[in-house]
Amino acid sequence: MRLSRSLIPTLKENPAEAQIASHRLMLRAGLVRQTASGIYAWLPAGWRVLQNIANIVREEQDRVGCQELLMPTIQSAELWRQSGRYDAYGAEMLRLADRHGRELLYGPTNEEMLADLMRQSVKSYRELPQTLYHIQWKFRDEMRPRFGVMRGREFLMKDGYSFDLDYEGAVVSYRKQMLAYMRIFQRLGVKAIPMVADTGPIGGDLSHEFIILAPTGESQVFYDAAYEAMDFTKEAVDHESPADLERFFGEVTKNYAATDEKHDEAVWAQVSEQREGRGIEVGHIFYFGTKYSAPMGLTVAGKDGSQIVPHMGSYGVGVSRLVGALIEAHHDEAGIIWPDSVAPFPAVIVNLKVGDAGCDALCNEAYAAFGGRALLDDREDRAGVKFADADLMGHPWQIVVGPRGAANGMVELKRRATGEKVELSLADALAKIL
RNA sequence: CGGGGCGUGGCGCAGCCUGGUAGCGCAUCUGCUUUGGGAGCAGAGGGCCGGAGGUUCGAAUCCUCUCGCCCCGACCA
């Protein structure tokens, strides 16, 4: 992408409405613009980040055997009456009516809809278990939206739903999600710790929330240092093996981790390597049995012809919230520091002297090497402006091309995370990045 | 939803109390100079002061209503 032809409107000054770092930086780096309270337009760079995160979530869901589908944002009130939640959900649900006066709603979640789809088509125990998910916009009419995208009203969420024949099966599905989630957060470049959680308005008795450690997080968290050393990206766990999953699950949940609401001083005192910090909830998984399948009449035939009511679980990841959460975890005074896995561009190529034949040629060569996926700062601005914007936007790598080195094919390569700069040939620089 | 605050060129703000033809910084455009960490000089464009009523010879300014946004609290992926 050529910056001179991109809608990436960076801001030099802090917008008055943004209070926390991630909100300020998302506006200043030109990732989003608010269009109404708690509702944001995702501009090109922000949209890239959002898609990068969604793709990692997607890959890890698929890897443990889940199926992706896409359900609509608008749902019929009728479905929610069947589960009893139409009245129970309250003012957080955005209710609409079409021209015929039929009652609709903008979905805050999809348990009813997927239970409905399943009851239409799944008839036999032979067809279970299954876990389905989609990545779709949700709307919850928060009383007070705040913190930018972290607490918006419209948000992008991955929500998954498992269907099993019994409790034992549901536990296996639940553990698969635990595995997928640990991998997701590790790939996103953040420490996310599973903490035992309340099940909230949806109900159930097996529930974990995933908390990203970030200095500006909303809740105080206490955890065992053992979580810092865990590595879940290795293919050490066979998700097809219940025994392996059980071992993994035990491993992940055996150490102490709690938010301040669930904090237990007595147990905490036993932890040898204590860590305290702030955290942001970015995921939540829970088992809730037949809470929806039963009232909605979802049944399958068992071996003996009996009717089995499947046990369900729900698994959410706040995809758009993660954009803010990642920035909370990765920024400094100058701007965002993107993890490589989600950065909108792997690198920015900074042309310090647009119009200089040597600089232009070397920049074009670098740009081509990325197949156009890098960002080329070809604006006719001063060096300082470009450096400041590059730091603000947080590209993992900066390839700085100036007239001094361009004559000899040399560039300066800067690593945003460390600030380390080295002079080398373009070929060597590309070799380090690609 | 309770309490507080703010709406004035794209962004950040002053002006309002004490009515009199709308101002500053940044950004934008033109020219010249400058050129490796947010340049200098000169000039230019851009705002029915959130909206609607009212008071007044005259309203950004005073009064009433309304809409929007932000902050603190109770609630949430």
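Below, chain A is the first sequence line, B the second, and so on; all start at residue 1.
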Looking at [N], does its base get a donor-acceptor pair with the side chain of [X] below 3.5 Å?
{"X": "A:Arg151", "N": "B:C75", "value": "yes"}
{"X": "A:Asp391", "N": "B:G37", "value": "yes"}
{"X": "A:Arg28", "N": "B:G38", "value": "yes"}
{"X": "A:Glu13", "N": "B:G25", "value": "yes"}

Practice task
Answer with base, sugar-phosphate or nothing: what part of the nucleic acid does A:Glu412 contact at a heavy-atom distance below 4.0 Å?
Solution key: base
Practice task
Looking at every strand, decide which applies to A:Gly324 at a 4.0 Å heavy-atom threshold: base, sugar-phosphate, or nothing.
Solution key: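 Contact class for A:Gly324: none.
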Exercise for the section: Describe, in one word, how the ring planes of A:Tyr181 and A:Phe210 are oriented to each other, choosing from parallel (under 30°), tilted (30 to 60°) and perpendicular (over 60°). Expected result: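 The rings of A:Tyr181 and A:Phe210 sit tilted, inter-plane angle from 30° to 60°.
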Practice task
Compare the ring of A:Phe387 with the six-membered ring in the base of B:G36 and state whether they stack (centres under 5.5 Å, planes under 30°).
Solution key: no
Practice task
For A:Phe155 and for A:Arg404, locate the closest nucleotide of RNA chain B by heavy-atom distance; then report the residue assigned to the nucleotide nearer the 5' terminus.
Solution key: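 With A:Phe155 and A:Arg404 compared, the 5'-side residue is A:Arg404.
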Handout entry: N or O in side chain of A:Gln34 less than 4.0 angstrom from B:C70 OP1/OP2
Key = yes
Problem - N or O in side chain of A:Arg382 less than 4.0 angstrom from B:G38 OP1/OP2 - result: no
Practice task
Can you figure out which of B:G38, B:C75, B:G12 approaches the side chain of A:Ala16 most closely?
Solution key: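 So the nucleotide nearest the side chain must be B:G12.
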